[in-house]
Asker: 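Structure provided below as structure tokens; questions to follow.
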Amino acid sequence: MGHIFQIDTHRPFLSPRIGEILRRVEPEYLTIELISRNQQEHEAMLRQQRQVLQAAGVKPAKW
């Protein structure tokens, strides 16, 4: 499993270009998978991901 987590670290996408990527791919659904040590860290990471997505113009149906 170590190799998988080197490829997909389950951390928030922080690039401002994430909106461009999502518009190009046009996913029907977007699943945010995060690995955190505790609930506080998870909430902070989720908040950070939402901010980046909103700033990129990604408007999900529900948060």
Side-chain angles (χ1 to χ4, degrees):
M1 282 283 265
H3 176 70
I4 298 297
F5 289 119
Q6 289 176 358
I7 297 169
D8 184 355
T9 60
H10 289 76
R11 308 286 298 169
F13 290 109
L14 301 178
S15 171
R17 296 189 70 190
I18 190 62
E20 177 184 331
I21 294 166
L22 292 173
R23 282 187 288 281
R24 183 169 218 166
V25 173
E26 296 182 358
E28 189 171 339
Y29 297 98
L30 178 62
T31 301
I32 299 172
E33 294 183 1
L34 303 169
I35 293 178
S36 55
R37 290 172 280 185
N38 56 52
Q39 186 173 348
Q40 280 183 306
E41 182 181 52
H42 188 83
E43 289 172 358
M45 291 168 66
L46 187 56
R47 192 170 29 257
Q48 185 179 34
Q49 185 66 87
R50 287 177 177 171
Q51 289 172 349
V52 171
L53 290 170
Q54 286 177 335
V58 177
K59 294 181 175 41
K62 291 184 180 181
W63 285 116

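Bear in mind that the values here come from a model prediction, so they are computed numbers and not experimental data.
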Asker: Show me the pairs that pass salt bridge (charged side-chain N to carboxylate O under 4.0 Å, His left out) and involve residues 10-22, at least two apart or across chains.
Answerer: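 Applying salt bridge (charged side-chain N to carboxylate O under 4.0 Å, His left out) to every pair that reaches into residues 10-22, excluding sequence neighbours, yields Arg17-Glu20.
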Asker: Taking side-chain contact (heavy atoms from CB on, under 4.5 Å) as the definition, give me every residue that meets it alongside Ser36, ordered by chain and number, with sequence neighbours left out.
Answerer: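 Residues passing side-chain contact (heavy atoms from CB on, under 4.5 Å) with Ser36: Glu41, His42, Met45.
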Asker: Once side-chain contact (heavy atoms from CB on, under 4.5 Å) is applied, do any residues pair with Gln48, and if so which ones, sequence neighbours excluded?
Answerer: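 By the side-chain contact (heavy atoms from CB on, under 4.5 Å) rule, Gln48 matches Pro12, Leu14.
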Asker: Please name all residues satisfying salt bridge (Lys or Arg N to Asp or Glu O under 4.0 Å) with Glu43, sequence neighbours left out, ordered by chain then number.
Answerer: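 Glu43 satisfies salt bridge (Lys or Arg N to Asp or Glu O under 4.0 Å) with no residue once adjacent residues are dropped.
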Asker: Can you name the residues that form a side-chain contact (heavy atoms from CB on, under 4.5 Å) with Leu22, not counting sequence neighbours?
Answerer: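 side-chain contact (heavy atoms from CB on, under 4.5 Å) check on Leu22 returns Ile18, Pro27, Leu30, Leu53, Val58.
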Asker: Does any pair with a residue in residues 23-35 pass side-chain hydrogen bond (donor to acceptor under 3.5 Å, both in side chains), and if so which ones, sequence neighbours excluded?
Answerer: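 Residue pairs passing side-chain hydrogen bond (donor to acceptor under 3.5 Å, both in side chains), neighbours aside: His10-Glu33.
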